[in-house]
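Treat the numbers as computed from the prediction; the structure is a model and nothing was measured.
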Amino acid sequence: MPTPLTDQPQDDLAVVRAVYDFINGVNPEGAALADPEITVHQSEELPWGGSYEGLAGFQRFYEAVSGAIHSEVETETLYQAGDRVVQSGRSRGFARATGRPFDVPETHIWRVRNGRITDLEIYVDTPALLEVLKP
């Protein structure tokens, strides 16, 4: 029997919170929350931007981002919006190649199914981040 709609949002929020714990180095098991069919998309303007599919794509995306920047995400808001979980906050860190720091606003839109992340759309202040990445 399906989970009642009133119970599902809290489950989805808990999954997304666990992923942020992983991103911020608190939960080493967070990567296991990705669905085998996961899709990730970020603006093609960024060096690691584009669309990635499946676990191998998710891994390539994660490695490309971590190779270019060190970032920690601070969540300011996290809420359910229909079948999506929306997070907005700040990404703070530094560009690995230049050492320049950044502190940019960001929004992530997640879709969770059966306790696993199936879709992630990432929006960040792209011009500000590109400026930090310039050699």
How long is the span from the CD atom in Glu72 to the CD atom in Glu74, to the nearest 0.5 Å?
10.0 Å
For the residue pair Ala95 and Ile69, what are the closest heavy atoms and their distance?
CA-CG2, 4.1 Å
Per the ring pair (Phe, Tyr, Trp, His ring centres under 6.0 Å) rule, what does the pair list look like for residues 83-102, sequence neighbours excluded?
His70-Phe94
Scan the side chains in residues 44-58 for donor-acceptor partners under 3.5 Å anywhere in the protein, sequence neighbours excluded, and list what turns up.
{"residue": "Trp48", "atom": "NE1", "partner": "Gln42", "partner atom": "OE1", "Å": "2.8"}
{"residue": "Ser51", "atom": "OG", "partner": "His41", "partner atom": "ND1", "Å": "2.7"}
{"residue": "Tyr52", "atom": "OH", "partner": "Trp48", "partner atom": "O", "Å": "2.6"}

Rounded to the nearest 0.5 Å, how far does OG of Ser88 lie from CG of Leu78?
8.5 Å
Under the rule for side chain to side chain contact (heavy atoms under 4.5 Å, CB included), what residues qualify as partners of Asp35, not counting sequence neighbours?
Glu37, Arg113, Arg116, Thr118
Any residue meeting ring-ring contact (aromatic ring centres under 6.0 Å, His included) with Tyr79, in chain and number order, not counting sequence neighbours
none
Would you give me the side-chain donor-acceptor pairs under 3.5 Å for residues 122-132, sequence neighbours excluded?
{"residue": "Tyr123", "atom": "OH", "partner": "Glu121", "partner atom": "OE1", "Å": "2.5"}
{"residue": "Asp125", "atom": "OD1", "partner": "Ala128", "partner atom": "N", "Å": "3.3"}
{"residue": "Thr126", "atom": "OG1", "partner": "Val124", "partner atom": "O", "Å": "3.1"}
{"residue": "Glu131", "atom": "OE1", "partner": "Lys134", "partner atom": "NZ", "Å": "3.2"}

Got a sec, which residues hit salt bridge (charged side-chain N to carboxylate O under 4.0 Å, His left out) with Arg90, two or more places apart in sequence or on another chain?
Asp103
Roughly how far, to the nearest 0.5 Å, is the NE2 atom of His108 from the CD1 atom of Ile117?
11.5 Å
Side-chain contact, heavy-atom cut-off 4.5 Å: Glu106 with Gln87?
yes
How far does CH2 of Trp110 sit from CG of Asp119, to the nearest 0.5 angstrom?
11.0 Å
Just how far is it from atom OG1 of Thr39 to atom CZ of Phe61, taken to the nearest 0.5 Å?
11.5 Å
Check whether any side-chain heavy atom of Arg84 lies under 4.5 Å from a side-chain heavy atom of Val112, and answer yes or no.
no
Locate the shortest heavy-atom distance separating Leu133 from Ala68; write the atom from each residue and the value.
CD2-O, 4.3 Å
Quick check: do Asp11 and Leu13 have side-chain heavy atoms less than 4.5 Å from each other?
no
Run the side-chain contact (heavy atoms from CB on, under 4.5 Å) test on Thr107 and Val86 for me, step by step, so that the C-alpha distance in whole Å, both residues' side-chain angles and the decisive distance to 0.1 Å come before the verdict.
CA-CA 7 Å; Thr107 299; Val86 178; 4.2 Å; yes
Say whether Ile109 and Val15 are linked into one hydrophobic cluster, either directly or through other cluster members, by side-chain heavy-atom distances under 4.5 angstrom.
no
Might you point out which heavy atoms bring Pro135 and Thr98 nearest each other, and give the distance in Å?
CA-CG2, 4.3 Å
